[in-house]
Structure formats: C-alpha cells, structure tokens
Amino acid sequence: MRRFSTVMLPVLLVALLATACSGGHSGSSSSAGGQVQVWLTTPDKSKLLQQEESLKLTKAKDSEENVIMIDDSKVYQQMDGFGASLTDSSAWLIANKLNDSQREKLMNKLFDHEKGIGISYMRVPLGASDFAVKNYTFDDMPSGQSDPELKNFSIDHDKEYIIPTLQQALKINPDLKLMGSPWSAPGWMKTTDSVIGGSLKPDAYEPFANYFVKMIQGYEAEGVPFDAITLQNEPHYTPEDYPGMRMEPVEQAELIKNFVGPAFEKNNIKSKIVVWDHNWDEPYYPLTILNDPDASKYVDGTAFHGYAGEVGNQAQVHDAHPDKNLYFTESSGGAWSTDFGGNLKWDMENLIIGATRNWSKVVLKWNLALDENYGPTIGGCKDCMGVVTINQGSGDVTFNSEYYSFGHASKFVKSGAYRIESGESVSGEIEQVAFKNPDGSIVLVALNAASEDKELKVKLGGKSFAYTMPAGAVATFVWPGTANSK
C-alpha cells in the first residue's frame, strides 16, 4: 500500500540541521533542573528538529482539564530503539559514493546522539533484497548442485562494504543493535532451485538452520553481533523479480522448534528468534506459532510491517502472549508522496506513536539511504526513498522526512528506556507517547494532528508545563526525572 511517504529536502537545509542537532543537546541528562527542553519540527519545514527556548516546570494545579497525566511509576515495554535497514544498496552508496569527510559527517548525523539523531537499531538483509547491487546469498551454487554441508558458505560479499559500514556505526553508537533477515534461502535449498519464488524443501530445513548459525558466527567474528534474526522477510509474498520465499506458519513453527532453535542451543547462539516479519493484517500467523509451546519456547517475539492492516493489530498478539516482544521492522517512504507535513504526520501517528503505544520495542523504516534514482535496485519498488538520499555524482546528502520524524524519538529515547503511562492519545488532536530513560529523564513525543494550533498541557507528580503546538507540528519534550527507570 503506497501510503508510506517521504520528501526530499533541499541540500541547503543541511546548515539548519547542523544547528538543530549540534553538540551539547543530547536530550537527556543535559536537561537543566526545573527546565523542559523542547525540539520542534513544523510541517512547512521552517523548523526541523530545532531546539526552542526551554520551558519552566511549575507547580501543578489540581483542577486543570485536558492534561496529559504522566505516571513514570507505570511502565510498559522496554525500548531497544528506532532506525532503518542497512540494505546492500544503502551500504554500497555510503561506502562508495561518499568521500571520507562526507561519510564521517553522514554517519555522525545518523548514529551520534549529540551530532545527529542517534539511530540505535538497524535491520540487515541477510543476502540480497530488492535493494542490492546484485543477487546473492552466502552459499550460491550452480543450477542443479547443492551444498548441504555448507562447504561453500562465505560472507565475503558483506565484508566488502556492509560490515565495514556497520563497524563504523557501532563505533559511533556502541548501543546500536542489529536484526538480520533473509529474503531467501540459497536457491538449491528451494523448490524453484532459485532465490526467486518457491519455498523451502523439507530436506533443507537442517541446512537452513545451520546457515543461520554460520551467518551469525561470521558476523560476530567481525565484531558485528546480531541482537535478533527473523526466519524470513515477508513470508506471504513471493515477488517475481527479486528474492523471496513462501513460508506458512506451520512451516515456520516446524523450522523453529525442530531445527533453528536446537541449532542455536547447540552452538550457544544468543541472537533472539523473531517470527512473521510481515504486515499488520495477518496477526493469526504469529499467533499460530506462539500457540505452539514447542516452537514458542525459542521465540522472543513478532515483527510487523506497515503495508497492510492497522497498527492496532499488534496489540492482539501482545494481549494473547504478553511475555513476548513486538518489533516494527519495515515501512518505506517514496516519490508517490511529496507532502512533508503529511508524511511527518503519518510516521508519527502510525510508527513513532502508534507502534510504540501498541507494544513495539523497536521501530524501523526501510532503506537507510538510496540514490537520486531511488536505487540501486534489482527489482521491486522503483520509487522508494531512503531516510537520506545520496547523490551518486556529487555525494551530496538530502535528509528526508523520516530523518526528522524518527529523529524526534531516536535522538532522545535511549536504549533501555521504558515506555511509561501518559494517558490517552487523542486521534486527530494531540497524539503522544512518553518514555523514561535509564538516567531518569522523561521524554514526551507529541504530534498536533489538528488543523489549528493546540495547547499541550503536561503534568507529572506535582509539576506541570504548557506549550502551544503549531498545527501539524511535532515536538519532543525532555526534562529531568529520577534515576532507575523501573
């Protein structure tokens, strides 16, 4: 569904961005006592993650109405972070189309909490997706040949530019966590003898489980550990022009309980196993797996995409299995929508606010970076856009709307924070979500979804503050709390 949108901003806005995201304002412990720091993005782009004058915390009144009541003693899910996917295309552009100075500047804008937006979670396709320079897996064989003992296995392709880019990101933000997701098993494991279409052969379940073990071990040997993996990207979609693989819930359950789970145990693999990794509209799929106790014992949680269905469906899975985690792992912007304000609003309503209020501990967009021609791509979407756009000729970087919508959370909500009680988020009015960081600071992310200015009033304990939010604007408020977030 093409409603996941972004917009390219003129390069001249980079100067404004540098001011907005300059050092000294990490959005956490730097908050002065009794002061509420404010960062603002407006739909007309006149302010882009810009720090405003701080507000004073004052003594709260007992009788005020329409107040956001924050209760930091009532906690929900613990957050890992916000980010995007480092696809093969994204890593290739960052490594090959930027000079050293351009690359360092961009990586700081993406991963540093002080100099940029502090991305703290990324998804990494394991092998080619539609956004790759070429088709590949880690164990490709000539047609008609197989390699059940994985003697031909190699991650050398990723060592060229994907792993070095991840190493640089981890050096900038050591809290960064990664999820690995394959778009297809090697062709020889599949009914089509190709990465295109088909499903996993029954006799390939064991080799595929060992393939995961080797991928994780190979990346860890390079200093790049995976926090989690999913078994298959979009298992209910088999594209005709790029890698994909059909996998039904009973097959995924079988793969987990009899092969991948035991293989991880045998090899002391600590990466979490996450199921589904597809749209909101089929919650029955993860529920089928989680309802199987032999499979569920190996499963950490469920991943969702946002191309069909509604974000509220995540809560169905949480309510049925509250001991399992939820992840939101993909939604793409693209040239089909160039309304910055509309794109900002959609991401805030459905992802930053919607997904977290429906139990996601991770919220991700799709490509971290694409070029001016919406690629490189080997198939699939022809007009998707990344969080940033890299011009292949000049190396100029354009920061798209997701940079700002996600930056309103990723810059301020630190790994290990908890979502906390903040009352009702009123659709079409002031929509909001609140967090408490490990250092005790409180973060409130709010959207004024109305067509007119609205006064936001906030109360925590005996203190309060008020702020007039422009129509369609997003604001992040940060103020000191008490240590120990739970």
Side-chain angles (χ1 to χ4, degrees), residues 26-31 36-37 39 57 67-83 113 117-122 173-177 179 227-228 272 274 300-304 311-312 314-315 317-319 321-329 348 350-364 405-425 430-447 458-463 465 474-486:
S26 67
S28 181
S29 57
S30 61
S31 297
V36 180
Q37 294 182 326
W39 280 261
L57 279 169
V67 178
I68 296 169
M69 303 288 290
I70 295 179
D71 181 357
D72 63 343
S73 69
K74 187 172 184 179
V75 300
Y76 299 100
Q77 78 272 25
Q78 189 172 28
M79 302 299 299
D80 281 336
F82 301 82
H113 281 289
I117 62 170
I119 284 173
S120 51
Y121 207 99
M122 278 204 302
N173 185 0
D175 291 332
L176 177 67
K177 293 182 179 180
M179 172 183 282
D227 172 65
K272 301 161 189 167
V274 178
D300 175 78
T302 301
F304 286 98
V311 65
Q314 292 183 179
V317 178
H318 171 267
D319 292 348
H321 294 275
D323 58 322
K324 301 298 185 181
N325 290 311
L326 292 182
Y327 302 74
F328 182 87
T329 50
M348 298 306 301
N350 293 277
L351 305 184
I352 303 302
I353 298 171
T356 57
R357 289 184 71 101
N358 284 281
W359 298 98
S360 284
K361 66 182 300 174
V362 166
V363 185
L364 308 178
S405 58
F406 272 63
H408 269 280
S410 61
K411 184 175 176 67
F412 310 102
V413 180
K414 305 302 171 66
S415 297
Y418 283 87
R419 179 170 69 90
I420 58 175
E421 177 60 40
S422 59
E424 184 182 2
S425 182
I430 298 289
E431 304 180 25
Q432 49 76 22
V433 63
F435 305 91
K436 187 171 185 177
N437 279 320
D439 69 356
S441 60
I442 306 297
V443 179
L444 176 70
V445 183
L447 161 73
V458 179
K459 181 179 178 181
L460 171 62
K463 298 290 186 180
F465 67 88
V474 174
T476 299
F477 304 89
V478 184
W479 67 98
T482 56
N484 301 320
S485 59
K486 188 176 181 183

Kindly indicate, with the supporting measurements, whether the criterion side-chain contact (heavy atoms from CB on, under 4.5 Å) is fulfilled by Val311 and Phe328.
CA-CA 9 Å; Val311 65; Phe328 182 87; 5.9 Å; no
One pair to check against side-chain contact (heavy atoms from CB on, under 4.5 Å): Lys272 and Asp227. What are the steps and the verdict?
CA-CA 6 Å; Lys272 301 161 189 167; Asp227 172 65; 3.1 Å; yes
Looking at every non-hydrogen atom in both residues, tell me the closest pair between Gly81 and Ser120 and how far apart they are.
CA-OG, 3.1 Å
Ignoring hydrogens, what is the shortest heavy-atom contact between Leu444 and Val458? Give both atom names and the distance.
CD2-CG2, 3.6 Å
Any sub-3.5 Å donor-acceptor pair from Asn173's side-chain atoms to His113's backbone N or O?
no
Please check: side-chain N/O of Gln77 versus main-chain N/O of Thr356, any donor-acceptor pairing under 3.5 Å?
yes
For a quick test of reading the model, state the closest non-hydrogen atom pair linking Ser410 to Phe82 and the distance between them.
CB-CB, 3.8 Å
Once salt bridge (charged side-chain N to carboxylate O under 4.0 Å, His left out) is applied, do any residues pair with Lys177, and if so which ones, sequence neighbours excluded?
Asp80
Between Val433 and Tyr76, is any pair of side-chain heavy atoms under 4.5 Å apart?
no
Give me the atom names and distance for the closest heavy-atom approach of Leu176 to Ile119.
CD1-O, 3.9 Å
Does Asp439 offer a backbone N or O that forms a donor-acceptor pair with the side chain of Asn437 under 3.5 Å?
no
Any Trp39 side-chain heavy atom under 4.5 Å of Val478 side chain
yes
Approximate separation, where rounding is to 0.5 Å, of Asp319 CG and Trp359 CH2
8.0 Å
Side-chain contact, heavy-atom cut-off 4.5 Å: Tyr327 with Asp300?
yes
Give, for atom CZ of Phe435 and atom OG of Ser422, the distance between the pair rounded to the nearest 0.5 Å.
8.5 Å
Heavy-atom closest pair (Ala228 atom, Tyr121 atom, distance to 0.1 Å) is CB-OH, 3.9 Å
Check: Asn358 main-chain N/O paired with Gln314 side-chain donor or acceptor under 3.5 Å
yes
Any side-chain heavy-atom pair of Val445 and Phe412 under 4.5 Å
no
Could you list the residues that satisfy side-chain hydrogen bond (donor to acceptor under 3.5 Å, both in side chains) with Lys324, not counting sequence neighbours?
none
Keeping the roles fixed (side chain from Gln78, backbone from Gly416), state whether a donor-acceptor pair exists under 3.5 Å.
yes
Spell out, as yes or no, whether a donor-acceptor pair under 3.5 Å connects the side chain of Gln432 to the backbone of Glu424.
yes
Which pair of heavy atoms, one from Ile352 and one from Ser405, lies closest together, and at what distance?
CG1-O, 3.8 Å
Given 3.5 Å as the limit, does a donor-acceptor pair link the side chain of Thr476 with the main chain of His408, or not?
yes
